[in-house]
2 protein chains.
Amino acid sequence: MYCATMARTKDPKVRSLLIEKAAQMLRARQPVTLRTLVAGTGVSTMAVYTYFGGMDGLWRAVRQEGFTRLAARLDAVPTSEDPVRDLAALGAAYLSNAMAHPDLYRVMFDAGFDLEDPSAADETLHCLVHTIDRAKTAGRFHGEVDPPELATQSWAIGHGLASLAVTGPLTHQALVHGVPMLTALFISAGDDPAQCRRSVELGWQPPSPS
Amino acid sequence: MYCATMARTKDPKVRSLLIEKAAQMLRARQPVTLRTLVAGTGVSTMAVYTYFGGMDGLWRAVRQEGFTRLAARLDAVPTSEDPVRDLAALGAAYLSNAMAHPDLYRVMFDAGFDLEDPSAADETLHCLVHTIDRAKTAGRFHGEVDPPELATQSWAIGHGLASLAVTGPLTHQALVHGVPMLTALFISAGDDPAQCRRSVELGWQPPSPS
DNA sequence: CACAATACATAACACTGCTATGGATTCATA
DNA sequence: TATGAATCCATAGCAGTGTTATGTATTGTG
């Protein structure tokens, strides 16, 4: 039986401070270990256990943070009146995020999606699905297109390129493969080839003030 | 100055034995550690250092072994008179290999392609490039197709799906996404849509004794 | 046959994440 | 308000990690 009385409440600042520092050390390519993590923060190694239950819990929280940031980045992609262009912009933002935080991206995808909130994957796909819906109602995609399915396929393209570029043999500039690959996928979903090419190329580069 | 005299020669059996055991423990989901690796083999922990220079070297060798097995598996894919069908068969073999040895596949792609022979990636792509060449000369793809480029894109599709299925939220059955994705890519390379669909579906499933 | 260079078993080292312990702090209740 | 219980967390120690020093056995070469 769980007793609700609490004598002391965890400080959420410490929690986010540790996650933040872990992400920062990851970015600086410093080895993130229990002792190096708490060094300089004033808190002790035990804090990691009261807040996360151990290093596994910390990494789980860091992964969650990675997906949260990714979702925020995708949500920040502006919406135009061309849904296919917006789809390409989402793909470009996905890859841009992965290349900006390569080590965080790598951490997000090892240890098999062991997240605090397992619906993070759905969240990531949500704006993709929504934009595909818009493309359908706009008549760009034909009726048999299943939005979650096409979103998954777009994700697989983005993740495949990001993964091969972050941890593999592809260079950063190889990410432009995203343009022909997404174009091919969207054409197969029913979009007009010429229009699709234009939309994807427009959405791929950052929104220019035209 | 290097002296060529040697008093005792390394036994290559020990080397492959350790790699084999590491792969086997990986498959059994047992933690592969220096001491558990040598336990029962008769050799001591120092053997890992004389043969691989340390655990990093061992993992490097394991990754190399993974790519070698992958290349062998791709080379074993039978060649038909339909190059597009063969391309799909290569993709299916790639995913099949990843799902048969998920932990080995994961090891292959972390630590950033730190391999003994860095040309392993090219080897993996070689049969893809060769088959794409065949498709070009057969008139299935138009002339502007750059074989290495299209091979990279096919690889990105395969790796994206494999990675999301091995370590991500995709289930094993989600690998059928490979069919529409490869079809879309090959159609964009110039193949006839209806013929392409037939070829990819034929190549996707294991070669039936027709 | 002697010598030198390699292979490798043993043991100790620094480091990892983790846990047992106890003191400090804070809220709920009498 | 004062007591008590529950929580946070700093300290210290533990088992396990990869690595390195040391010494011994083994083998090809002069």
Side-chain angles (χ1 to χ4, degrees), chain A residues 1-26 28-64 103 106-107 110-112 114 116, chain B residues 1-23 25-26 28-63 103 106-107 110-112 114 116:
Chain A
M1 175 173 175
Y2 177 68
C3 183
T5 69
M6 287 199 349
R8 203 169 166 183
T9 165
K10 291 184 193 175
D11 186 359
K13 283 185 180 177
V14 175
R15 191 187 144 86
S16 50
L17 180 144
L18 288 175
I19 297 179
E20 186 74 24
K21 174 153 188 192
Q24 180 184 339
M25 293 180 73
L26 224 50
R29 313 196 78 89
Q30 297 167 350
V32 179
T33 178
L34 176 61
R35 289 171 175 81
T36 61
L37 179 67
V38 300
T41 62
V43 305
S44 148
T45 62
M46 274 303 295
V48 174
Y49 287 82
T50 61
Y51 284 96
F52 304 102
M55 284 303 277
D56 279 6
L58 174 85
W59 288 119
R60 204 192 336 258
V62 169
R63 279 192 288 276
Q64 190 77 41
D103 300 271
R106 187 162 16 199
V107 169
D110 57 24
D114 184 17
E116 296 171 340
Chain B
M1 177 174 179
Y2 178 68
C3 182
T5 67
M6 287 203 344
R8 203 173 167 183
T9 165
K10 291 185 194 176
D11 185 358
K13 283 185 182 179
V14 176
R15 191 188 141 87
S16 51
L17 180 143
L18 288 175
I19 296 178
E20 187 73 25
K21 174 154 188 192
M25 294 180 72
L26 224 50
R29 314 196 76 88
Q30 296 168 349
V32 179
T33 179
L34 175 62
R35 288 170 176 81
T36 63
L37 179 67
V38 300
T41 62
V43 307
S44 149
T45 61
M46 274 304 294
V48 174
Y49 285 83
T50 60
Y51 284 97
F52 305 101
M55 284 303 277
D56 279 8
L58 173 85
W59 289 120
R60 204 190 338 256
V62 169
R63 278 192 289 276
D103 300 271
R106 186 161 16 200
V107 170
D110 57 26
D114 185 16
E116 295 171 342

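Below, chain A is the first sequence line, B the second, and so on; all start at residue 1. Given the structure is predicted, the values throughout are model-derived calculations rather than measurements.
- Judged by distance alone, with hydrogens and angles left aside, the side-chain atoms of Thr41(A) form no donor-acceptor pair with the main-chain N or O of Leu18(A) at under 3.5 Å.
- Between Thr50(B) and dA7(C), a side-chain N or O to OP1/OP2 separation shorter than 4.0 Å is absent.
- A straight line from CE of Met25(A) to P of dT16(C) spans 10 Å, rounded to a whole angstrom.
- Asp110(A) has its side chain within reach of Arg63(A): a pair of non-hydrogen atoms, C-beta onward, lies under 4.5 Å apart.
- Rounded to an integer number of Å, the gap from Met46(B) CE to dT26(D) C1' is 16 Å.
- Summarising the geometry, the separation between CE on Met55(A) and C1' on dT19(C) is reported as 16 Å, rounded to the nearest angstrom.
- An OP1 or OP2 oxygen of dT19(D) is reached within less than 4.0 angstrom by no side-chain nitrogen or oxygen of Thr45(B).
- Residue-to-nucleotide contacts include a donor-acceptor pair under 3.5 Å from the side chain of Arg35(B) to the base of dG18(D).
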Q.
Please evaluate residues Arg29(A) and Asp103(A) with respect to the criterion salt bridge (Lys or Arg N to Asp or Glu O under 4.0 Å), reporting the C-alpha separation (whole Å), side-chain torsions for both, the decisive distance (0.1 Å), and the verdict.
A. CA-CA 8 Å; Arg29(A) 313 196 78 89; Asp103(A) 300 271; 3.2 Å; yes
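- Between Tyr49(B) and the phosphate of dT19(D), there is a side-chain N or O to OP1/OP2 separation shorter than 4.0 Å.
- Listed nucleotides dT11(D), dA9(C), dT16(C) differ in distance to Ser44(A); the shortest reach to its side chain belongs to dT11(D).
- Atom CZ of Arg60(B) and atom P of dG18(D) are 16 Å apart (whole Å).
- Note: CZ (Phe52(A)) to C1' (dC9(D)) measures 14 Å, nearest angstrom.
- No engagement by Val48(A) is indicated, since no non-hydrogen atom pair under 4.0 Å with the nucleic acid exists.
- Val32(B) is listed as a side-chain neighbour of Trp59(B), based on a closest heavy-atom distance under 4.5 Å.
- When the P atom of dT11(D) is taken as reference, atom CG of Leu34(A) falls 14 Å away, rounded to whole Å.
- Remark: P of dT20(D) and CG of Asp56(B) are 11 Å apart, rounded to the nearest angstrom.
- Arg35(B) places no side-chain N or O within 3.5 Å of a backbone atom of Thr45(B) that could act as its donor or acceptor partner.
- Along DNA chain D, the nucleotide closest to Val43(A) and the one closest to Val32(B) are compared, and the more 5′ of them pairs with Val43(A).
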